[in-house]
Amino acid sequence: MHPVIQVSGVRKTYGSNVAVDEVSFEVNDGEIFGLIGPNGAGKTTTMECIEGLRTPDRGAISVLGLDPFRDVYKLQNRIGVQLQQAQLQKRIKVWEAIDLWALLYGKQATDGERLLEQLGLADKRNAWFMTLSGGQKQRLFIALALINDPEVVFLDELTTGLDPQARRAIWDLVRGIRERGKTVFLTTHLMEEAERLCDRVAIIEHGRIIDIDRPQSLVNRHCPDRSVVLASDDPHAAERFRAIPQAETVTCSGTQITIRGRGDDLVTEVIQCISENRIRVTDFRTILPNLEDVFLKLTGHSIRD
Ligand SMILES: Nc1ncnc2c1ncn2[C@@H]1O[C@H](COP(=O)(O)OP(=O)(O)OP(=O)(O)O)[C@@H](O)[C@H]1O
Ligand SMILES: [Mg+2]
């Protein structure tokens, strides 16, 4: 694994407000890396320090072996940036913005047409920026971030304000960027997005990184609990389930039985128990923990609080 972004001991304060503190991590070549955390956690600050748009008070940052502040011009050609908050002139047309950006990088405008097509903006190519919906503006900014075919792409809250269908299209697009061998660094406060899209995530809260790993590894490490919830009117069912070695608790509420335990074998064992004892079951579902639960476990509150 070869790191393309290296962040070490970064701290950034605004007056007396410590926005980012002692942040260190590496992003490897060809991965989708997500910085996840609630509003105000320090995601944008961290990302914009890496992009060279803000200067950290202390710490070291390197992107593609370059210093984002000192080598800003060299780096600009090799990275693509979508900012969380961006604006264009009200009356610039979509194709004009694409053309202008392509020109800045000396690229062919046909790449821009392809990007508009991919981002579902082809029929808006003649529309003024001010007439685009929030989601369409967002997609235009992603197109502009990709126009120089960058080696590293920075996407700050890439699907905020998008409908579920557009969100999925963007996820596919981001996976496509990775397939072309590029590296993606993104921020999100959507746990589902991080879980489905990111190879690795760093959880940040109050400016500090709490943990970094693959989403599934974080879940397995911090939330190994599994639950099976089923409905049965068999009077002996609960007692049978209590005999399962991996079942830690079995609770009943009317005909509903909840079996809680640890490890991947719990579900199989419950199914075996049902089959061996011929227990009549009228409902069956599993509750598996996700990143949302990891966040709750690590911080004591939900990311949306
Ligand atoms: N330019 C600025 N001047 C002063 N304070 C700032 C500035 N930018 C950010 N902050 C403060 O730094 C902290 C971190 O903000 P930041 O924008 O990095 O958070 P974030 O994780 O990106 O949040 P969000 O999910 O809302 O985008 C917040 O307390 C914020 O008020
Ligand atoms: Mg932000």
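When a ligand or atom number is given, it counts from 1 through the structure's own listing order.
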Exercise for the section: Counting heavy atoms only, name the option from Thr45, Val18, Leu35 that's nearest to atom 16 (P) of ligand 1. Expected result: Thr45
Handout entry: Donor-acceptor contact present, side-chain Arg260 to main-chain Ser227, <3.5 Å
Key = no
Problem - Cationic N near anionic O, under 4.0 Å, Asp211 to Arg221 - result: yes
Practice task
Measure from the side-chain N and O atoms of Ser24 to the backbone N and O of Gly9, and report whether any donor-acceptor pair falls under 3.5 Å.
Solution key: yes
Exercise for the section: Could you find the nearest protein heavy atom to atom 9 (C) of ligand 1 and give me its residue, atom name and distance? Expected result: Tyr14 CE1, 3.5 Å
Exercise for the section: Inspect the contact between Glu276 and Arg240 and indicate whether a charged nitrogen and a carboxylate oxygen are less than 4.0 angstrom apart. Expected result: no
Practice task
Quick one: pull up CH2 in Trp101 and CG in Leu103 and give me the separation to the nearest 0.5 Å.
Solution key: 11.5 Å
Handout entry: Atom indices of ligand 1 within 4.0 angstrom of Gln84 heavy atoms, with elements
Key = 27 (O)
Exercise for the section: Determine, for Arg262 against Glu248, whether the closest basic-nitrogen to carboxylate-oxygen distance falls under 4.0 angstrom. Expected result: yes
Handout entry: Residue portion contacting ligand 1 (non-hydrogen atoms closer than 4.0 Å) for Val20
Key = neither
Handout entry: Side chain, backbone, both or neither: His206 near ligand 1, heavy atoms under 4.0 Å
Key = neither
Completion exercise
Of all protein heavy atoms, the one nearest atom 26 (O) of ligand 1 is Asn39 ND2, 3.1 Å
Problem - Residues Arg200, Glu31: salt bridge by 4.0 Å N-O rule - result: yes
Fill in the blank from the handout: If you compare Gly37, Gly40, Gly42, Cys49 by their heavy atoms, the one closest to atom 23 (O) of ligand 1 turns out to be Gly40
Practice task
Look at ligand 1 and say whether Arg54 reaches it with a heavy atom at a distance under 4.0 Å.
Solution key: yes
Exercise for the section: Output yes if Gln84 passes the N/O/S-under-2.8 Å test against the Mg ion (ligand 2); output no otherwise. Expected result: yes
Exercise for the section: Please say whether His189 places an N or O atom under 3.5 Å from an N or O atom belonging to ligand 1. Expected result: no
Problem - N, O or S atom of Thr187 closer to the Mg ion (ligand 2) than 2.8 Å - result: no
Practice task
Keeping the roles fixed (side chain from Lys124, backbone from Trp95), state whether a donor-acceptor pair exists under 3.5 Å.
Solution key: no
Exercise for the section: State the atoms of ligand 1, each with its element, that fall below the 4.0 Å cut-off from a heavy-atom position in Asn17. Expected result: 11 (C), 12 (O), 29 (O)
Handout entry: Which of the ligand 1 atoms, numbered from 1, are nearer than 4.0 Å to a heavy atom of Glu157
Key = 25 (O)
Exercise for the section: Walk me through it: do Thr159 and Glu193 pass the test side chain to side chain donor-acceptor pair (under 3.5 Å)? Expected result: CA-CA 9 Å; Thr159 64; Glu193 179 163 283; 2.3 Å; yes
Practice task
Take Leu173 and Gln118 through the side-chain contact (heavy atoms from CB on, under 4.5 Å) test and state the conclusion after the steps.
Solution key: CA-CA 8 Å; Leu173 190 93; Gln118 268 182 340; 3.6 Å; yes
Problem - Minimum-distance protein heavy atom relative to atom 17 (O) of ligand 1 - result: Thr44 CB, 3.7 Å
Problem - Nearest heavy atoms of Ala237 and Ile257, plus distance in Å - result: CB-CD1, 3.8 Å
Fill in the blank from the handout: For Ala41, the atoms of ligand 1 under 4.0 Å from one of its heavy atoms are 19 (O), 20 (P), 21 (O)
Exercise for the section: With heavy atoms of Pro38 as the reference, note each atom of ligand 1 found under 4.0 Å away. Expected result: 21 (O), 25 (O)
Completion exercise
If you scan protein heavy atoms around atom 25 (O) of ligand 1, the nearest is Lys43 NZ, 2.7 Å
